[in-house]
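Here's the structure, in structure tokens; my notes come after.
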Number of protein chains: 2
Amino acid sequence: MKTQSILLKERPKKTPQTSNFEFKEEEVKSPKENEVLLKTIYVSVDPYLRGRMRDEESYIEPFQIGKPITSAIIAKVEKSECENLKEGDYVLGHLAWKEYQIAKGENLQKVDSNQAKLSAYLGILGMTGLTAYFGLTDIGQPKEGETVLVSGAAGSVGSAVGQIAKIYGCKTIGIAGSDEKIKLIKEKFNYDEGINYKTTENMKEAISKAASNGVDVYFDNVGGKILDATLQNINRNGRVINCGAISQYNKEETVTGPRVEGILIKKSVKMQGFTVRNDYKENFAEGTKQLAKWLQEGKLKYEETVREGFENIPQAFIDLFSGENKGKMVVKVADE
Amino acid sequence: MKTQSILLKERPKKTPQTSNFEFKEEEVKSPKENEVLLKTIYVSVDPYLRGRMRDEESYIEPFQIGKPITSAIIAKVEKSECENLKEGDYVLGHLAWKEYQIAKGENLQKVDSNQAKLSAYLGILGMTGLTAYFGLTDIGQPKEGETVLVSGAAGSVGSAVGQIAKIYGCKTIGIAGSDEKIKLIKEKFNYDEGINYKTTENMKEAISKAASNGVDVYFDNVGGKILDATLQNINRNGRVINCGAISQYNKEETVTGPRVEGILIKKSVKMQGFTVRNDYKENFAEGTKQLAKWLQEGKLKYEETVREGFENIPQAFIDLFSGENKGKMVVKVADE
């Protein structure tokens, strides 16, 4: 049988373009021992994939030109030569952007479509939920009554961070890029305050006004000038969780900004970067269990933006950088 | 009786000048209940005092114009109205730059001139030793076999950091500003490698060469370009201890440099600032005990630069910024 596959045609210069990707028809073989034939149902598109399109050292290997892009994918088992998987099972795996593919069973995790919606395993019960959970609780160490500021607050990670911070008894302030998103984070994700950075001239003042007791914990999904403005409002012993720097991803040159070491010393502040895959892999089961519990208790809500159609995967990925998604962006490739 | 006192005359613009200070003769009263009359023996001059001469929010109150400068001082009790202190006792206190002064007994700590040289209580057994100890061990968490890089390695803090890192089984690389200092840190302070930053054109390459396995822990006393060069050599899960930013202290404008958030995320790096007075006060007794033990065992050596004469305190302070001291800089004001 044949499948469509999406390859990296050339490395994006700044913001990715559809012309950076190439569609190619390939032959799909039959599964051998311990392998399965998979049909792709949901594809996760994530900002971090931009880093893998660059040819430089990162926390994860770069994508190769002429090879398929890979990301987290929910797929259905069509044929199985694996003991533990049978036809009709749903699995989560780090898989190629293909409609059909062969995969080794050992690299797949079975997911239960009765416990939560299948796409949740790409978001709140997957990498984005775990990123919010471990970044906030382990690096941020939020204490009751503290103020937690979150950038990218309407995104999949940021919306979970705000809700977890509320569970911990913190005051939460979210930064996002539209009035619609501000409304969403306050109404759905429990944020106490919201700042639309696109209509705010002086972020330092806006943060100071919203965080009347200063900022104790900053969960940073964007980097750049919002980070600078936050550091001007950080409290003694403040903690900055460097989770993403989406404002920097599409820039090729070295970006400069105000030096941070002075403020880190003056206020005894910690800034710590992480990637959940590398730093918390051994704690995933514990994290997923806690997130599923909060989800079932109704303490954790999530938003997702679902695009449709295999051919629209590259555009969905590109749209992440103009902030068109609310919550986790996934592409539905086939019916369940 | 009369005493000379050194006041802040005006806030330094960039590098401090002797003209920023004013000498004034004052009357010294007699000690009241719970007070002592003190004669200053040793005065500690420290880079962090530069920050207090600025009129801005910091981890410690700014000095006031027309008021005496204060710092850590070893003094001798001349007259006592305190139960726990008697004439002839030596004490450590945060005191004014005066030859004689009245102080409350409760703010003074008795020191034993038989256990160590009196001036050691301003250095290796005082704030500088404690800064090295808590910064390296608590924030840096050095593990056997790791590589620890230290800037200001010939300074009072840096020389102790290198030796403590060796006690923990690490490879140590010190950065300092003269060949003489490099010789000193390798011969006396156990550093495995030394880099003279003043004669090195490409610090990134020099660090890469000296730290062939990359840098796991960077104890930063200087900030600025050496920090930038280190971050280009940092290992996954590296830790940067932001202890000082002497390269930035004399600059009034906002200093810019390469943004750090990208590298922190890529390599899961932590940068954490601290001041030992604020963050480890409750652990001082434990720290001093450990340092005194190492000192007695001969595992910890220290260097000090002793200037003589009360009138030379401002110049001794100023000379810190051109790196004229080896180890802790103290001024001997009177004989023991």
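So you know, we letter chains A, B, ... as the sequences are listed, proteins then strands, and number each from 1.
- By the neighbour-count criterion of 12 heavy atoms within 6.0 Å, atom NZ of B/Lys209 is sparsely surrounded, having that number or fewer from other residues, nucleotides or ligands.
- Legend: ring-ring contact (aromatic ring centres under 6.0 Å, His included) pairs involving residues 210-236 of chain B, not counting sequence neighbours: none detected.
- Across all their heavy atoms, B/Gly224 and A/Arg259 have their closest contact at O-NH2, 2.8 Å.
- Ranked by heavy-atom pairs under 4.5 Å with chain A, the list B/Ile263, B/Asp220, B/Thr256 is led by B/Thr256.
- Rounding to the nearest 0.5 Å places CZ of B/Arg239 at 10.0 Å from CD of A/Gln272.
- Closest approach of A/Ser268 to B/Thr275, counting heavy atoms only: OG-N, 3.6 Å.
- The contact between A/Asn237 and chain B is made entirely by side chain atoms (from C-beta outward), counting heavy-atom distances below 4.5 Å.
- If you measure heavy-atom distances from A/Val269 to chain B, the contacts under 4.5 Å come from the backbone alone.
- Rounded to the nearest 0.5 angstrom, A/Asn242 CG and B/Met271 CE are separated by 9.5 Å.
- At least one side-chain heavy atom of B/Arg236 sits under 4.5 Å from a side-chain heavy atom of A/Asp279.
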